[in-house]
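Notes for the one structure printed next.
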Amino acid sequence: MSAGPTDAHLLERAPFLLRDWLTHALPEPLRWFANTLIAIAAILAIFGTLFALLTLVERKVLGRVQNRPGPNRTGWFGILQPVADGIKMLTKEDIVPRAADPLLHFLAPVALLGFSVLTFAVIPYGRDLVAVRLDAGVLYFFAAGSATELSIFMAGWSSNNKYALVAAMRALAQLISYELPLLLSAVPVVLAAGTLSAPDIVESQGGFTWGFVPHWHVFTPWGAAAFLVFFISALSESNRSPFDLPEAESELIAGHLTEYSGFKYALFFMAEYFGMCSLCGMAVTLFLGGWQAPLAALEFIPSYAWFALKLCALLLVFIWIRATLPRLRMDQLTRFAWKFLVPLALVNLAASAFWSLSFGWAGPMQALRWAIGIALAVGPFVLLGRRLGAGIGPRTYRYA
Amino acid sequence: METTEQIRERILASLPGAQVSLVTNPGLAAQHSLLLGAAHALQAALLLRDDAALRLDFCSNVTGVDWPEREVSEADPTAPGGKVKRVVPGFLEVVYHLYSVALGHGPLVVRMRTANRSDQVTLPSLTPVWRSCEFQEREVFDLFGVVFAGHPDLRRILMWDEFKDHPMRKDYVEPDDFEWEPTPHGDVLERARRHYPAPARPAKEPAP
Amino acid sequence: MLGTGLLQGLAVTARNFLGSFYDRRRFVTTQYPEQRTALPEAYRNFPFLVCESADDPMGTLRCVACQICEKECPPQCIYIEKSKDKKPDANGKPQIYPAVFDIDTAVCMSCQICVEVCPFDAIKMDQVFELAATDRFGALLMDRHALAKPNSYFQSIHPTEAGEVDSRLLAARLAAEEKARTAAAAKAAPKPAAPKPPAAPSAEAPKPSPPLA
Amino acid sequence: MNPSGLPPLASLPGPQIRAVHDELHGDLLELSMGPHHPSTHGVFRMVVTLDGETVVKLKPVFGYLHRNHEKIAEGASYLGSMPYTDRLDYLCSMTNNWSYALAVERLAGQAVSERAEYVRVILAELTRLLNHTCLAGFLLQDGGASGTPLMYAFREREKILDLFESLSGSRMMCNYQRFGGCRADPSPAWLDSARALVDGYGRFLDEYEALLTGNEILMARTQGIGRLSPQLAVSAGVTGPMLRAAGVGYDIRKVDGYGFYPRFTFRVPIGADGDTYDRYMVRILEMRESIGILRQALRDIPAGPILDPKAKQRGLRPKAGEVYSRIEGPKGEIGFFLISDGGPNPYRYRVRPPSLINLTILEDMCLGQSIADSVVILGSVDIVLGEVDR
């Protein structure tokens, strides 16, 4: 994290001013170290709070969708519910089955949390607000993110429980299936931006057409398709409904969490929400213009606020989907990945290549460019969707 | 549907030598039944299922009835007092209620009886004819103790495997294994006293 | 197909989410201890014994310890011991009364059969449902003191039924008084051969109540 | 020897899937699902043998809730068993009551007043709405939806339960039917609120179907899953919506014409494939027919006594004899077999539990399916353990 922007106004610079005020007295080598520590602490604190709030918001939204108020007994509007849950989790007995592998059983939640926190390092939360400015930041993100599934396998296998074992197997199959479309859907963005660095990808989405259509990738035909693929894969990567197979409570009790209790159990949840947040953050970065404002007139609002807004909106969609959809089956899940998402992402690669090549088309050629672009995005979607959905459909019934 | 008597003749025509008798129902519902002898029961059941005029393809209900040994007094002019007491031996009975889905008629009530209630309690299973008998015959085996020969999976179904005795029999005695709880009932309290002679528990007697 | 069904479903949940903020039909929870729904008049929970006066519940119980309810109770949660002596009832007739009348509410299944079979309208269904207690045994075993509640209470929870019961009892009492008067008149008359009046219900045993409407 | 097309003797239970287990394929996994499991609808256990995630053997185990209802009833008076029937299938106490009352009425020769017959039909159809609505919610819960369909189902169920409560005094344990009629007379206000409920129910079903029926995930999860052939369904005594979903148009309301059902026009929806989706859809369509029946019944209900005051309730001693009587309950054929010896309590009392008998073919439906599907298939059978175990 380098020095903050100097030309922006006060609110935009506020995080840097605060940091510099805290560390300006230190000698230079130590200041770098302290600045890094502060960045880590800030990320942990902010996302820790977000996790707590998110559990509450999720239950509140689920409740409202289901015509009930959700938790509302602890504090005003149930605001203390996360605290109460935390205390409960901390004070609960931590049970380790006798037949479990105690070391792995302990390591799994720790490693899971560690890996999911690592992904926060490369997400640009605002203008210049990124913990580690890596040239291959996107690559790093996916590498760190895919390690979480390993921890789920560790948890499932070490529990020595049949449900947990089945869940572990599912987690691995899911990892293999969905890592590919997730990566493939990010490739067009890298292609378009010409960089693997997350802050630079955000920078490349700056500017507006006609002053009000932002140059976000999601507003291009290939970008919309890639965003869809990325979003679906992100749902699966973060084990969220309708892809929450490793912890499918209706068949596998709690999947890999069956033998966990107390704070270890809470760590799994924390990691799940961290993973969800970081994937949403990456989706915002890659497709929704990162911290860029949607309108030029709104640029006075600090960049990190825009990022937070977009992040929360995506998280709400996650919750909304969870409130609505039933779960897929394991074979359907993998079939969906291999027969729908991967081909779609591959075709989309061509679509984005076409988009880059036709950059200079103007006038009537511009309309042709859009037509071809949309056809390249929608055509495969319809064709692949038809094939995937062959054999199922609404039925008509007769009466005796 | 044909009357029960006609069905009986139909069976006898196809299975000469089969023991099929009519059991009349004195009640208002007048659902008379056929008593099948164990030897030909399976063939008779197949006949009932597959006969084109009957097609009783749906065995709705299977259940047991326990008829313990009982004493009846009959008029007998030779005996002193004009009456004689006779012991009717007990038996277990299995009742099947058959319907036809194909033809929409029913019920036909079919019964089978064991020879006694102790050692000769085997009857042929009708599960090969109607799959719906599978669980219900297991239940009759569990609760009444009728053994069904030819049943594919004859295990206890409602009681646990280690359980002894058959609870639906009329002479079943409940095990004396209840948990203490305060109750206003005198006989239960008496039993409690036998189980917990000393004040083993802080017994709070209800105020008389 | 092609995800339209999923979008349709998402639209339904979104409508319900938004509706929960302004539409009472989409926000149905009642916040129980603070808010309470009105119990319907027919609501029943556990039985209680009707007495005529709140001041002297034990003296004015309608129950005459006939033990019909004890016999009919399917889970056998009622236990009655008859008194050795007799007490005057509401009409002044000496009656046997229950020396012990216990209902084990831990066993009672609120089926209301005791109410239906009682020929004296002496046992009715209560509406108190907040019976949670820390003492598993004693607090749920109700004796006649805990069970006795005055007729005015019965009027307040089941007004329709109580109105019918009261008018029926009043008619029975009037008929009994009428019969007593006729009997007295007949005794006073010189000719003992006067024909008996048509069978009027006696005070001791009013006609079994018709099933509750 | 087999003109009815029924399965020959060879089609008896037994693994029909040959599981491969050698060094390459690994071992089979035996999993005991239940009795404490989120989706077994109570204390029910399935001993499942898995090859990967494929079910190769499944043995249902139950009896955890067994209380020997039949023995209790044989020691109780005829009236005293009525409240116990509430507790068989505790979602459908009204139909259980009716079936039992009908059996005793046939045994004792008791006529039922016209108004009571109408009220019985109304309550039975309301029970059907309630049961099928809940079932759809539970089925989706088993399919992994986070409770939303279930909560919508419970929202509507609550309205029906409110009606039951204001009529019978209890929400679930109604104990409402009596021999020769019903216990309490519905007031005009009650009938009006029932009409209002019926009028609004179609709208609810539309919303419910918008949420579920077109859902591609639901279709993918249920279509072609857990197929049941009509031959096996009939042979296994499967009744109710499950039988009709298998393509057999057998509805006791039509076949026996008990109560006043012949007076109402309604259709019986039947499925073609006999899979889980058909079992779900047949129930949805049945609810729409039930709304039609309710409209007719609530329109035509006559005035008059609800219960013959001379009808004996307490101390009933039917003439010696026996009767088997059945009705179309929401889950299937709920029947009562009673033997009277002229005494005050039945000599033999038997419930024909549709939930238990519909479970007979659970293994047949689940073999070769994945473990996730076996849970959904179980959900589509629609069991209540109070009735399975009795």
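Here is how names work: the chains are called A, B, and so on, in the same order as the sequence lines, proteins then strands, and each is numbered from 1. Fair warning: this is a prediction, and the values are worked out from it, not measured in the lab.
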**Q.** A/Arg73 atom CZ, neighbour heavy-atom count above 12 within 6.0 Å
**A.**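 Counting other residues, nucleotides and ligands, CZ of A/Arg73 exceeds 12 neighbours.
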
Q.
Counting only heavy atoms not in A/Tyr399 (residues, nucleotides, ligands), do more than 12 fall under 6.0 Å from its OH?
A.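 Result for OH/A/Tyr399: enclosed.
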
Please state whether the side chain, the backbone, both or neither of [X] comes within less than 4.5 Å of a heavy atom of chain A.
X        : answer
D/Leu211 : side chain
D/Ile225 : side chain
D/Thr213 : neither
D/Asp251 : neither
D/Ser370 : side chain
D/Gln223 : both
D/Val268 : both

Between [atom1] on residue [X] and [atom2] on residue [Y], distance to nearest 0.5 Å:
X        : Y        : atom1 : atom2 : answer
D/Met33  : A/Tyr163 : CE    : OH    : 5.0 Å
A/Leu165 : D/Leu29  : CG    : CG    : 7.0 Å
A/Thr396 : D/Met281 : OG1   : CE    : 9.5 Å

Identify the two heavy atoms, one from [X] and one from [Y], that lie closest to each other, and give their separation to 0.1 Å.
X        : Y        : result
D/Asp373 : A/Arg329 : OD2-NH1, 2.7 Å
A/Tyr397 : D/Ile270 : CD2-O, 3.5 Å
A/Val65  : D/Tyr152 : O-OH, 2.7 Å

(Q) What I want to find out is whether A/Lys162 reaches D/Glu30 closely enough, with some N-O distance under 4.0 Å, to be called a salt bridge. (A)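 No salt bridge links A/Lys162 with D/Glu30.
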
**Q.** 4.5 Å side-chain heavy-atom contact, A/Arg327 and D/Ile217
**A.**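 Sidechains of D/Ile217 and A/Arg327: no contact.
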
Q) Is there a side-chain contact between D/Thr222 and A/Ile392 (heavy atoms, below 4.5 Å)? A)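 Heavy-atom side-chain distance check fails, nothing below 4.5 Å.
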
Of the listed residues ([options]), which shares the most heavy-atom pairs with chain A below a 4.5 Å separation?
options                                : answer
D/Asp273, D/Val282, D/Val376           : D/Asp273
D/Arg267, D/Arg155, D/Lys254, D/Met151 : D/Arg267
D/Leu50, D/Asp142, D/Leu31             : D/Leu31

Q | Which residues share a side-chain contact (heavy atoms from CB on, under 4.5 Å) with D/Leu212, sequence neighbours left out | A |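 Expected list: D/Leu140, D/Pro149, D/Tyr208, D/Leu218, D/Tyr280.
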
Q. Can you name the residues of residues 242-250 of chain D that have some heavy atom under 4.5 Å away from a heavy atom in chain A?
A.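 If one takes a 4.5 Å heavy-atom cut-off, the residues of residues 242-250 of chain D near chain A are D/Gly247, D/Gly249.
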
**Q.** For chain D, the option from A/Gln332, A/Arg398, A/Arg395 that forms the most heavy-atom pairs under 4.5 Å
**A.**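 Top count of heavy-atom pairs under 4.5 Å with chain D: A/Arg395.
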
(Q) I'd like to check the side chain to side chain donor-acceptor pair (under 3.5 Å) partners of D/Arg288; sequence neighbours left out, ordered by chain and number. (A)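 D/Arg288: side chain to side chain donor-acceptor pair (under 3.5 Å) contacts with D/Asp206, D/Glu209.
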
Q.
According to salt bridge (charged side-chain N to carboxylate O under 4.0 Å, His left out), does anything in residues 264-277 of chain A pair up with another residue at least two apart or in another chain? List the pairs.
A.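 Passing the test, one end in residues 264-277 of chain A: A/Asp94-A/Lys264, A/Arg240-A/Glu272.
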
Q) Is D/Thr148 reaching over with its side chain to a backbone N or O of A/Gln66, donor-acceptor style, under 3.5 angstrom? A)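 Looks like no, no N/O pair under 3.5 Å.
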
